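Here the structure is a predicted model, which means the values were calculated and not measured.
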Amino acid sequence: MEFAAYLLPVRPLQFHSVPLRVVSALLCLIVIPGTAVAVPVGVHRESGGQGQESPLSAVSLPPAVVADEPLPDGGPRFDQPIYAPGSLPFREALAALEQRAYPAAVTAFQRVIEKFPQSPLAAASEAFLAEIHVMKALTPQSRADAIGQYRHLAVSHPDSPNALRAYWRMGDLYAGMGLYPEAQGAYARLLAEGQAGRDVDRALLGSGVNKLHWGKGEGAAADFEALRRRTHDEQLLRYASIGLADALALQQRYGEAKSLYEAEFRSWPEELKRHPLSFLSFAHTYSALGLETDARRLYEMFYNLDPTHRESGVMLVRIGDSFLRERHGDRAVLFYRHVLQLHANTEASDLAYLRLAQISAELLKRDRDHSLALQVKGLMDATSGPVLDESQQEIVYRAIAIDRSESALGSEALFRLGQHHELMGNLTMAVTVYRDLRQRQGQILDDQWPEKATTRLKEILGSWIIGALQGRDDVTAVRLFRLPGEDAERLFSDSGLIVGVAGAHQRLGLTPEAVRLYQVALKQNLAEQTLEAALLGLGQTYAEQGDAAAARQVFQRYRLPFPLASRLRFARLWLRDFPRDPEQPQVMLSLAEGLVRTGEFEDAARAYADIERTRLPIAAATWLHHGDMLSKAGQLGEAAKRYQSVLWVKPSPEEEAWARVRLASVWRQMKRFTAAAAVLAPVRVRVRNGDPLLSRFATALERDLDREGG
């Protein structure tokens, strides 16, 4: 496998601004003038051939997450007719507000507050002053100023009807700035009091909508369901019902969402039509359930109601997507052309460009040798799809990525650009695009494309790295691993590939990096075999550094989760690398005992012989284990010598007793009944009140000796 071409310097993408009007000019020869006219949607019912295009992997727009019309709000409250102190300047303020003379209104409301602080109209004046901030200009600063005014109102006039309103109004303003936790705190302040009434119901509605914006579909559904049970207000009930359907769709509970949407459409058809994002979610729910015809019926209905609505172009794109999923590519193209001519310079037109580029890429991929013929066919036949060549497709993807850089659509364009580079064989550029797209993770709500880029990046780089490792090209493997930059470890941490890369670092002498990568692998939930390889690699790396203590600590820390065979391999490596370490006898003993347990008696015998040759003090337990191993192997004479060795090394009383019992058992098997009885005699009295297990063995052996020895 050739890797040289993949090791070119990879730089961040430098997109030069390509306005979509340039793209439009570029495509003017392809999008045939006059094929799209402003007529009511429904032309797809006319006769048309089966499209040639296969459904592409284009993902439809995400479902709506909230009814997008302003939530119910009757504004600040005050008594009518106005007889309270300060009524005259209050009326002047209302009149000025009606004429949008905001400075005059502010002056009059402030006069009420200053001269009549005890009047009930003072609290209403503060509420109006808060609203004036956002009536003049809806900006983050104006929202913040309104929140401050409402907070002062809630503290200064806690018994005022406007104080209750202040809490859910602060929640609305926080939500408008995308500060969802702060908004939830404001709603919760009113809900926690456990009161009843329209203000509390309104706070519950705001809470549900805020959670939808926040992506918390389950919590939103709970709020909307609670509101539907408790409210007696028809308007709030409608909002709650639509919100609940949106929340179910957000959770992909499409069957339940469908039933609720259909019930709402029967009861309040006009209400649902006033919420275009919810209407889109209704249609998306049909698509998710495979009911494409029903979905298109809703898109058509909405479009024909208001072709100039800001979401109308999106409706046409969704109709095209629906046809594309049903393999009617020719009909899909017709709707994308409608969007380009009727909704230019909108997000919908960007989507249409993106879809046409995808269709062209699919056509050229299937028939690259006839790309020119396909382009000519697109020019001559209005029912066929337009074919963009490779350079035109790239321009479309780059232009949309720039124009929509703050939305998920821009991310999708980047992903399609990466796919385009893959199709063209420029994998280095594809990796660059996917790497840069991955860095958008978490920046845009509900943006799925960075995660898709991560998956593709791992697939491409992973295959290259595996090839390099198999070819024993450690330098290339390390360079490829580092290609994504500082994020490389997180990218590959959940795959066994990181162990192989750690080994490459180790072989290249990059020991600190190797140690760190092995430690990263050991923290993951990887396959047992991969973790074992990481364990052995880490221990060997420490051994190469001459750090016997660290290597031994690795073995002791990780020995329990791994099978005995793995621990034996590690023990052999440790003994090889640290022949003079003070812990050598203990490791040798662990190896010998493990070999006995696995039935490798010949290797165990050699291990015990190595222990003897060390001429170091040998514990009684070691000789007992060795004797047991020899006894199991049928080497009774050698086993007897080992049990006798126990008696010569000053064992503990328990070890001495066990050695005598085992020696007596071996000698009984060798028909040396007198010697067996003699060695067992000191144990007979001692075990009467000692270890029950030892007592049973000694008693049974004594009976056997009495019977067999006469």
Decide yes or no for [X] and [Y]: does some side-chain heavy atom of the first lie under 4.5 Å from some side-chain heavy atom of the second?
X    : Y    : value
L354 : Y397 : yes
L356 : L340 : yes
F128 : L94  : yes
W449 : L414 : no
F279 : F265 : yes
S259 : E264 : no
R416 : H420 : no
V200 : L204 : no

Kindly say whether [Y] contributes a backbone atom to a donor-acceptor pair with the side chain of [X] at under 3.5 angstrom?
X    : Y    : value
Q251 : A247 : yes
S119 : P85  : yes
Q443 : Q439 : yes
S281 : L277 : no
S142 : A137 : yes
H275 : E271 : yes
N162 : R77  : yes
N304 : E300 : yes
S322 : R318 : no
T231 : L227 : no

Reported [atom1]-to-[atom2] distance for the pair [X] and [Y], which is rounded to 0.5 angstrom:
X    : Y    : atom1 : atom2 : result
I319 : Y336 : CD1   : OH    : 10.5 Å
L190 : D201 : CG    : CG    : 10.0 Å
H213 : L250 : NE2   : CG    : 11.5 Å
Y261 : H284 : OH    : NE2   : 9.5 Å
H133 : L129 : NE2   : CG    : 6.5 Å
L351 : T346 : CG    : OG1   : 8.5 Å

Pair [X]-[Y], side-chain donor/acceptor within less than 3.5 Å:
X    : Y    : value
E292 : S287 : yes
Y353 : D403 : no
S407 : E347 : no
W268 : E234 : yes

**Message:** Does E270 form a salt bridge (Lys or Arg N to Asp or Glu O under 4.0 Å) with R274? I'd like the steps, not just the answer.
**Reply:** CA-CA 6 Å; E270 299 307 316; R274 283 195 293 269; 5.6 Å; no

**Message:** Suppose we screen for salt bridge (Lys or Arg N to Asp or Glu O under 4.0 Å). Which residues come up paired with D73, at least two apart in sequence or across chains?
**Reply:**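 D73 satisfies salt bridge (Lys or Arg N to Asp or Glu O under 4.0 Å) with R165, R169 only.
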
**Listed partners of E406 passing salt bridge (Lys or Arg N to Asp or Glu O under 4.0 Å), at least two apart** =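 Expected list: none.
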
Search all heavy atoms of [X] against all heavy atoms of [Y] and return the closest pair with its distance.
X    : Y    : answer
A163 : P158 : CB-O, 3.7 Å
V317 : A352 : CG2-N, 4.3 Å
H338 : L316 : CB-CD1, 4.0 Å
Y167 : A186 : O-CB, 3.6 Å
A146 : L173 : CB-CD1, 3.7 Å
D223 : S207 : OD2-OG, 2.6 Å

**Request:** Please state whether the rings of Y303 and H343 are parallel, tilted or perpendicular, taking 30° and 60° as the class boundaries.
**Result:**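 Perpendicular.
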
**Stepwise side-chain hydrogen bond (donor to acceptor under 3.5 Å, both in side chains) check, D145 with Q141** = CA-CA 6 Å; D145 293 340; Q141 184 59 53; 2.9 Å; yes

**Asked** Where do L298 and M315 land on the side-chain contact (heavy atoms from CB on, under 4.5 Å) test, with the steps shown first?
**Response** CA-CA 9 Å; L298 293 180; M315 299 289 185; over 6 Å; no

Please table the atom pairs, donor to acceptor, closer than 3.5 Å between any side-chain atom in residues 100-115 and protein atoms at least two apart or in another chain.
| residue | atom | partner | partner atom | Å |
| --- | --- | --- | --- | --- |
| T107 | OG1 | P103 | O | 3.0 |
| R111 | NH2 | E92 | OE1 | 2.8 |

**Message:** Checking E262 against Y286 for the side-chain hydrogen bond (donor to acceptor under 3.5 Å, both in side chains) test, could you report, in this order, the C-alpha distance in whole Å, the side-chain angles of both residues, the deciding distance, and whether it holds?
**Reply:** CA-CA 11 Å; E262 289 175 340; Y286 275 139; 2.7 Å; yes

**Asked** What do the steps show when you test F224 against L212 for side-chain contact (heavy atoms from CB on, under 4.5 Å), and what is the final call?
**Response** CA-CA 10 Å; F224 290 132; L212 274 178; 3.5 Å; yes

**Asked** Between D321 and R355, is there a side-chain N and carboxylate O pair less than 4.0 Å apart?
**Response**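 R355 and D321: salt-bridged.
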
**Asked** For Y434 and Q419, what are the C-alpha separation, side-chain angles and deciding distance, and is it a side-chain hydrogen bond (donor to acceptor under 3.5 Å, both in side chains)?
**Response** CA-CA 9 Å; Y434 291 139; Q419 289 183 318; 5.4 Å; no

**Asked** Checking R296 against F323: charged group under 6.0 Å from the ring centre and within 45 degrees of the axis?
**Response**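 Verdict for F323: a cation-pi partner in R296.
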
**Pi-cation contact, W214 with K216 (under 6.0 Å, within 45°)** =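 Judged by the rule (NZ or CZ under 6.0 Å from the ring centre, within 45° of its axis), K216 counts as positioned above W214.
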
**Message:** Does I359 form a side-chain contact (heavy atoms from CB on, under 4.5 Å) with L324? I'd like the steps, not just the answer.
**Reply:** CA-CA 9 Å; I359 292 173; L324 207 57; 4.1 Å; yes

**Message:** Under the criterion salt bridge (Lys or Arg N to Asp or Glu O under 4.0 Å), I'd like the reasoning laid out for D447 against R440: C-alpha separation, chi angles, the key distance, then a yes or no.
**Reply:** CA-CA 9 Å; D447 188 356; R440 294 192 182 196; 5.2 Å; no

**More than 12 heavy atoms from other groups under 6.0 Å of CD on Q235** =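 Yes, enclosed.
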
